[in-house]
Amino acid sequence: VSVDDAQSVCPYLGLAPYGPDQADWFFGRTRATESLVDLVGRSATGGGITLVIGASGAGKSSLLAAGLLPALAGDDSPVPGSAQWPVVRISPGATPLHTLLTEIPTLQVDVDDIDPAVVRAQTMAWSEGRQVLIVVDQGEEMFTVCAEDVERSAFLATLSAMTQRDDEPPAAVVVIGIRADFYARCLEYPELEGGLQRRSLALGPMRITELREAIARPAKAVGLKR
C-alpha cells in the first residue's frame, strides 16, 4: 500500500463508531441510510418516534451519526427543511429526562402531567420555530443504566409529546437507536410500541457488496491505493 498524501490518516476506526466528521469515510450503509431518511421524512409530517433496532456492534451509532445526520444536513436532503433543523444528540444515561432538559432548557416538565401542547410550545421556543431533530443513541441505557421507571417513563412521554401533531407538524423528529435484545422491553411502553410497528428500521449485517464498499472506499477516499 502506498500513500499519495503524507498527511493521509487511517479511515478505519476499528470498533469505534463513525461520527459526523467521519461521514466521508462511512460506506456500505447507503441502503440503510436511505431507508432511515425516508422514515424520518414521514415522522416529520406524521409524527411519532422512529426506532433503529439492531444487534450490538451492528453499526447503529455510525448509521445515526455518519449516515443520517449528514444526509439530513445537506442541501440535497429529500426531507424539506431538514438542513435547518437544530440537532440534539444524547445518550440516556442514568437520568435521561434530566439529560434532555439540560439540552433544551426551555422545557419545564411536570412528570405527573406532561401536556403535549405545552411541551410543543416550549420546544419551539428553544428552536425559534424550527423543527428539532433529536437523536438518542444507545437507547438501551434507558433500561440498563436508568433505574427509575418514573424517570424513564417521563423521558419517553416528553419525547412522544414533542412528536405529536395537531394542526401543525410535530415540534421534533425523534430517532432512537436501541439494541435488538431490548425489543421486548420497548413493547412495554406505548410511546415505543407504535414506532416498532410503523416507524422502525431493522439494521442487519451488511451484504457482500456493501462490505466491499466499506473495505475499499474509505482507503480511496483518503488517497490510499494498492
Side-chain angles (χ1 to χ4, degrees), residues 36 39-40 42-54 56 60-61 64-65 68-69 85-201:
L36 184 53
L39 286 174
V40 165
R42 285 190 266 161
S43 295
T45 56
I49 294 173
T50 296
L51 295 165
V52 177
I53 308 292
S56 178
K60 300 180 296 296
S61 297
L64 292 171
L68 177 66
L69 292 184
W85 289 352
V87 177
V88 174
R89 294 174 61 198
I90 61 173
S91 296
T95 55
L97 180 62
H98 176 74
T99 299
L100 180 63
L101 300 184
T102 300
E103 293 292 329
I104 305 179
T106 53
L107 285 173
Q108 303 292 324
V109 174
D110 179 354
V111 297
D112 296 319
D113 183 22
I114 297 175
D115 186 332
V118 172
V119 170
R120 173 187 173 80
Q122 293 173 342
T123 304
M124 298 298 275
W126 177 79
S127 66
E128 299 180 344
R130 296 170 293 175
Q131 277 187 302
V132 179
L133 175 63
I134 300 177
V135 175
V136 181
D137 193 16
Q138 307 292 328
E140 63 275 3
E141 289 184 359
M142 291 184 289
F143 308 110
T144 62
V145 181
C146 177
E148 298 294 332
D149 187 61
V150 171
E151 175 87 10
R152 182 187 309 116
S153 297
F155 173 63
L156 290 173
T158 302
L159 291 178
S160 179
M162 289 175 162
T163 68
Q164 291 185 26
R165 57 165 300 160
D166 192 1
D167 295 329
E168 300 291 336
V173 175
V174 176
V175 184
I176 302 177
I178 195 161
R179 273 180 16 212
D181 47 320
F182 286 89
Y183 191 101
R185 291 297 308 272
C186 291
L187 291 174
E188 298 173 9
Y189 296 86
E191 299 89 351
L192 299 179
E193 182 184 10
L196 290 173
Q197 292 176 342
R198 295 181 292 276
R199 294 174 303 277
S200 66
L201 173 69

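For the numbers below, each heavy atom of this structure counts, side chains included, while hydrogens, waters and symmetry mates do not.
With a 4.5 Å cut-off on side-chain heavy atoms, Glu168 and Arg120 count as touching. At a threshold of 4.5 Å between non-hydrogen side-chain atoms, the residues Ile49 and Tyr189 do not count as touching. At a threshold of 4.5 Å between non-hydrogen side-chain atoms, the residues Ile134 and Met162 count as touching.
In this pair, Phe143 and Phe182 present their aromatic rings parallel. The plane angle is below 30°, not in the 30 to 60° band.
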Quiz item: Passes side chain to side chain contact (heavy atoms under 4.5 Å, CB included), Val136 versus Phe155? Steps please.
Solution: CA-CA 11 Å; Val136 181; Phe155 173 63; 4.3 Å; yes

Go through Arg179 and Lys60 one step at a time and tell me if the side chain to side chain contact (heavy atoms under 4.5 Å, CB included) criterion holds.
CA-CA 9 Å; Arg179 273 180 16 212; Lys60 300 180 296 296; 3.9 Å; yes

Query raised in the report: Leu196 and Ile53: side chain to side chain contact (heavy atoms under 4.5 Å, CB included), yes or no, with the steps?
Result: CA-CA 9 Å; Leu196 290 173; Ile53 308 292; 3.8 Å; yes

Practice problem: Evaluate the criterion side chain to side chain contact (heavy atoms under 4.5 Å, CB included) for residue pair Val109 and Leu100; output intermediate values, then yes/no. | Solution: CA-CA 11 Å; Val109 174; Leu100 180 63; over 6 Å; no

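Note that CZ of Arg42 is 9.5 Å distant from CZ of Arg199, once rounded to the nearest 0.5 Å. Taking CD1 from Ile104 and OG1 from Thr99, the interatomic distance works out to 11.5 Å, rounded to the nearest 0.5 Å. If you take CG on Asp115 and OG1 on Thr158, they are separated by 11.0 Å, rounding to the nearest 0.5 Å. From Leu64, atom CG reaches atom CG of Leu36 across 6.5 Å, with rounding to the nearest 0.5 Å. Distance check, rounded to the nearest 0.5 Å: CZ of Arg185 to CD1 of Ile178 gives 9.5 Å. Rounding to the nearest 0.5 Å places CD1 of Ile176 at 5.0 Å from CE of Met142.
Ser43 approaches Val173 most closely through the heavy-atom pair CB-CG1, 4.3 Å. Thr45 and Pro170 make their closest contact through O-CD, 3.9 Å (heavy atoms, listed as atom of the first residue, atom of the second, distance). Scanning all heavy atoms of the two residues, the minimum distance from Gly93 to Pro96 falls at O-CD, 3.7 Å. When all heavy atoms of Leu69 and Arg89 are compared, the closest pair comes out as CD1-CD, 3.5 Å. Contact record, Ala157 with Ile114: CB-CD1, 3.6 Å, taken as the closest heavy-atom pair. Of all the heavy atoms in Leu156 and Glu191, the pair that sits closest is O-CG, 3.7 Å.
The side-chain hydrogen bond (donor to acceptor under 3.5 Å, both in side chains) pairs that include a residue from residues 125-146 are Ser61-Asp137, Ser61-Gln138, where partners are two or more places apart or lie in different chains.
The closest donor-acceptor contact from the side chain of Thr106 to the backbone of Gln122 lies under 3.5 Å.
The neighbour count for Glu193 CD, taken as heavy atoms of other residues, nucleotides or ligands under 6.0 Å away, is above 12.
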